[in-house]
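Computed from a predicted model, the values in this text were never measured in an experiment.
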Amino acid sequence: MTRRLTLAAAQLGPIQKAEGRDVVVGRMLRLMETAHRRGAEVVVFPELALTTFFPRWYEEDINNADHWYEQALPSNATAPLFEAARKFNIGFHLGYAEIAHEPDETGTLRKRHFNTAVYVHPTGEVVLKYRKVHLPGHREFEPKRKVQHLEKRYFEVGNLGFPVVRAPIGEAGPVNIGMLICNDRRWPEAWRVLGLQQVELVMLGYNTPSINQDAKGFEAHHLRVLHSHLSIQAGCYQNACFAAGVAKAGVEDGCELFGHSIIVNPQGEIVAQATSWDDELIVADCDLDQCTLGRSSIFNFAAHRRPEAYGRILEQVGSVAPAEWMPGGTASSQAQ
């Protein structure tokens, strides 16, 4: 019997700094209702879906930014999303800023800040939680920048790894689901850890500027979109899975974020794509049995992976120069 999943990616337009959660939750509820009418069984919302992308705003005391975070789910503000999930019998993925009171690496209990996503079952139960690992940007205010990107200031590196869980979704039955957040999509190691757990569906939200503020040279807008799509398509192909890459888009507090949300199949093909930079729902029927081909042939990990040759990936963080070949001799011992 074919395992089919009707998947919806719920792109959001901009959320201005002055707008409250009630405004954006109202928009999300309309998208969930539309998804229900179109037969979707799961809806994927973007990264930091409840607020503006607040890491562009500097606070000397991080505690002054606490109002951007959620301390519990559901909260009074987010409860309507959980109610809608039960009403429409639809699961949803939500990206948000999280405050957690838990021990740090030293065992000390303290307030911690994460860029987080959860998958919520139609019953309203949280099935899976993920915290962003690959944090871009910088920690301190940089006067030369027109727009700050302070993710390293406002978030800690995620401490949950890259979990995958097998959970029922609609008529497809149990599905192996995992999550990434924004910049994670650019790192093949993240996809491969999910692939090693036989992930079938990756839910991925992003808030990505149309202009690279860190660029040392010119980077055209179309390349920003190309690199986003390339990363997701390659991740799906190389790990034989579906993915929904979902944007918060448009001009937010004067800063442009690109849209181009996509749903990708295990062959790396884009099967649905948003055409606006506003609230928009795209839907695709996903045959999860398509994951089998890549997993049992080209990317049959058990047959073809050679982890003994990949030691450098774990042993090294920054890149190093290779050994230099010298005429009449062999390469130096550097990096051998």
Side-chain angles (χ1 to χ4, degrees), residues 3-12 25 28-29 31-32 35-36 40-50 70 72-75 78-98 100 114-133 158-182 184-185 190-191 193-195 197-206 232 235-236 239 241-248 261-264 281-284 286 288 291:
R3 297 169 61 228
R4 288 198 173 273
L5 172 67
T6 305
L7 173 64
Q11 178 175 289
L12 290 174
V25 168
M28 295 168 74
L29 292 173
L31 287 165
M32 289 183 76
H36 172 66
E41 296 161 302
V42 58
V43 178
V44 181
F45 288 109
E47 173 192 31
L48 299 178
L50 300 170
E70 309 302 311
L73 283 181
S75 61
T78 58
L81 298 172
F82 289 74
E83 293 166 6
R86 289 187 283 267
K87 175 182 177 181
F88 298 132
N89 191 33
I90 192 168
F92 69 94
H93 163 281
L94 175 67
Y96 64 102
E98 177 195 16
F114 297 100
N115 189 336
T116 300
V118 292
Y119 173 67
V120 180
H121 188 267
T123 61
E125 299 172 88
V126 173
V127 175
L128 183 65
K129 176 185 283 190
Y130 168 70
R131 291 168 173 166
K132 186 174 181 178
V133 170
N159 60 355
L160 301 178
F162 296 99
V164 173
V165 67
R166 188 164 177 80
I169 301 181
E171 296 183 2
V175 179
N176 301 344
I177 59 174
M179 294 182 282
L180 299 174
I181 299 176
C182 198
D184 288 323
R185 71 192 187 274
W191 289 92
V193 174
L194 296 178
Q197 299 170 81
Q198 299 183 4
V199 71
E200 295 173 309
L201 172 61
V202 177
M203 305 180 206
L204 189 164
Y206 60 89
I232 298 171
C236 287
N239 296 281
C241 63
F242 286 88
V246 190
K248 172 137 64 66
S261 299
I262 53 175
I263 296 174
V264 178
L281 192 83
I282 57 174
V283 179
C286 303
L288 296 175
C291 299

Take Thr6 and Val283 through the side-chain contact (heavy atoms from CB on, under 4.5 Å) test and state the conclusion after the steps. CA-CA 7 Å; Thr6 305; Val283 179; 3.6 Å; yes

Show, in sequence, the C-alpha distance, side-chain angles and deciding distance for Phe45 and Met32, and conclude whether the side-chain contact (heavy atoms from CB on, under 4.5 Å) test is met. CA-CA 10 Å; Phe45 288 109; Met32 289 183 76; 3.7 Å; yes

Worked check of side-chain contact (heavy atoms from CB on, under 4.5 Å) between Glu98 and Asn115: CA-CA 6 Å; Glu98 177 195 16; Asn115 189 336; over 6 Å; no

As a quick check of understanding, evaluate side-chain contact (heavy atoms from CB on, under 4.5 Å) for Thr78 and Glu70, giving each step before the final call. CA-CA 9 Å; Thr78 58; Glu70 309 302 311; 4.2 Å; yes

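Leu94 contributes atom CG, which lies 10.0 Å from atom OG1 of Thr116 (distance to the nearest 0.5 angstrom). The structure places CD of Glu125 at 13.5 Å from CG of Leu128, a figure rounded to the nearest 0.5 Å. The CG atom of Leu31 sits 6.0 Å away from atom CG of Leu12, with the distance rounded to the nearest 0.5 Å. Rounding to the nearest 0.5 angstrom, the gap separating the CD atom in Glu83 from the CG atom in Leu29 is 9.0 Å. Note that SG of Cys286 is 6.0 Å distant from CD1 of Ile263, once rounded to the nearest 0.5 Å. Going from atom CD of Glu200 over to atom CG of Leu5 covers 9.5 Å, rounded to the nearest 0.5 Å.
A pairwise comparison of heavy atoms in Ile282 and Ser261 identifies CD1-O, 3.5 Å as the closest pair. Heavy atoms only, all atoms of each residue included: Leu48 and Ala97 are closest at CD2-N, 3.5 Å. The two atoms that bring Tyr130 and Pro163 nearest to each other are CD1-CD, 4.0 Å, heavy atoms only. The nearest pair of heavy atoms linking Ala79 to Pro74 is CA-CB, 4.0 Å. Residues Val202 and Cys241 share a closest heavy-atom pair of CG2-SG, 4.0 Å. For Gly178 against Leu194, the heavy-atom pair with the smallest separation is CA-CD2, 4.4 Å.
The side-chain contact (heavy atoms from CB on, under 4.5 Å) check on Leu160 picks up Lys129, Arg131, with sequence neighbours excluded. Residues meeting the salt bridge (charged side-chain N to carboxylate O under 4.0 Å, His left out) test with Glu41, sequence neighbours left out: none. Remark: Tyr119 pairs with no residue by the ring-ring contact (aromatic ring centres under 6.0 Å, His included) rule, at least two apart or across chains. Take Phe242 and apply the ring-ring contact (aromatic ring centres under 6.0 Å, His included) test, not counting sequence neighbours, and it matches no residue. Taking the ring-ring contact (aromatic ring centres under 6.0 Å, His included) definition, one finds that Tyr96 meets it with nothing, sequence neighbours left out. Partners of His36 according to the ring-ring contact (aromatic ring centres under 6.0 Å, His included) rule, which considers only residues two or more places apart in sequence or in another chain, are Phe88.
Judged purely by atom type and a 3.5 angstrom limit, Arg185 has no side-chain atom pairing as donor or acceptor with the backbone of Ile232. Between the side chain of Asn176 and the backbone N or O of Gln198 there is at least one donor-acceptor pair closer than 3.5 Å.
Using a cutoff of 4.0 Å between basic side-chain nitrogens and carboxylate oxygens, Arg3 and Glu171 are not scored as salt-bridged.
Under the 4.5 Å side-chain criterion, counting only non-hydrogen atoms from C-beta, Val120 is not in contact with Val127. Residues Gln11 and Pro46 form no side-chain contact, since every pair of their non-hydrogen atoms from C-beta on lies 4.5 Å or further apart. Here the side chains of Val25 and Leu81 are in contact, with some heavy-atom distance below 4.5 Å. With contacts defined as side-chain heavy-atom distances shorter than 4.5 Å, the pair Asp184/Met179 does not qualify. Counting heavy atoms from C-beta outward, Phe92 and Pro122 have side chains that stay 4.5 Å or more apart. Looking at Phe114 and Ile181, their side chains never come closer than 4.5 Å, going by heavy atoms from C-beta outward. The shortest distance between side-chain heavy atoms of Val246 and Leu204 does not fall below 4.5 Å. Counting only heavy atoms from C-beta outward, the side chains of Val118 and His93 never approach each other to under 4.5 Å.
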